[in-house]
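Inspection log for the structure reproduced underneath, given as structure tokens.
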Amino acid sequence: MNEFDERIYKLALLVPKGNVASYGQLAAMAGKPQNSRAVGRAMKNAPSGHDIPCHRVVNQNGEIAPSHVFESKKHQRAMLEAEGVVFKSNGKIDMKKSQWKPL
DNA sequence: CACATGACGCAAC
DNA sequence: GGTTGCGCCATGT
């Protein structure tokens, strides 16, 4: 596992319940602002059993992965909603309210 | 080794 | 505000 990926996982774990982080955000915090893609790749390659809330990691548009990534988009939406993440009428996440703001 | 693809982001139109 | 194009990095063929 690369150090970068490890940081991504750690950051994902740091995301509090009810909040979400964008790929670019994690990438920036990991030290590579332009490497947002690698974040997604890292999530995809994320090891199971590490309690990594990959569902809390979304894109800047407030959208979740296509669907084939998790069980389904609906499932993930329900999961996030259960955690307190605010969703807009269009089915996307209200980033303005739910985006994780690290201290 | 070169090319194409992908859980993305941002600037430009 | 939606769509298009380009950039960045890692992986697979």
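By convention in this document, chain letters (A, B, ...) are assigned in the order of the sequence lines, proteins followed by strands, and residues within each chain are numbered from 1.
Cluster membership for V20(A) and Y23(A), using ILVMFWY side-chain heavy atoms within less than 4.5 angstrom, is not shared.
Residues passing the salt bridge (charged side-chain N to carboxylate O under 4.0 Å, His left out) test with R37(A): none are found, sequence neighbours excluded.
Within the 4.5 Å cutoff, the side chain of V57(A) has no heavy atoms near those of the I8(A) side chain. In this structure, F70(A) and M79(A) have side chains that are not in contact, with every pair of non-hydrogen atoms separated by 4.5 Å or more. Two residues are said to be in side-chain contact when any heavy atoms from C-beta on lie closer than 4.5 Å; L13(A) and P53(A) meet this criterion.
Side chain of N90(A) to backbone of K92(A): a donor-acceptor contact under 3.5 angstrom is found. The closest donor-acceptor contact from the side chain of S36(A) to the backbone of A27(A) lies at 3.5 Å or more, if one exists at all.
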(message) Applying salt bridge (Lys or Arg N to Asp or Glu O under 4.0 Å) to K10(A) and E6(A), what does each step give before you reach the verdict?
(response) CA-CA 6 Å; K10(A) 229 166 191 175; E6(A) 200 175 316; 5.0 Å; no
(request) Decide yes or no on side-chain contact (heavy atoms from CB on, under 4.5 Å) for Q25(A) and V39(A), but give the supporting numbers first. (result) CA-CA 10 Å; Q25(A) 193 176 354; V39(A) 178; over 6 Å; no
(message) Evaluate D5(A) against R41(A) for side-chain contact (heavy atoms from CB on, under 4.5 Å), listing each step before the verdict.
(response) CA-CA 9 Å; D5(A) 291 19; R41(A) 192 198 60 73; 2.9 Å; yes
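The separation between N2(A) atom CG and dC9(C) atom P is 14 Å, rounded to whole Å.
Listed by residue number, there are no residues of residues 58-73 of chain A with a heavy-atom contact under 4.0 Å to DNA chain C. Listed by residue number, the members of residues 90-99 of chain A with any heavy atom below 4.0 angstrom from DNA chain C form an empty set. Proximity of residues 23-46 of chain A to DNA chain C (heavy atom under 4.0 angstrom from any strand atom) is restricted to Q34(A), N35(A), R37(A), R41(A).
For L80(A) against F87(A), the heavy-atom pair with the smallest separation is CB-CE1, 3.5 Å.
Applying the side chain to side chain donor-acceptor pair (under 3.5 Å) rule to pairs touching residues 68-88 of chain A yields H55(A)-E83(A), R56(A)-E83(A), sequence neighbours excluded.
In summary, contact between chain A and DNA chain B, defined as any nucleotide atom under 4.0 Å from a heavy atom of the protein, begins and ends at dG6(B) to dC10(B) in the 5' to 3' direction.
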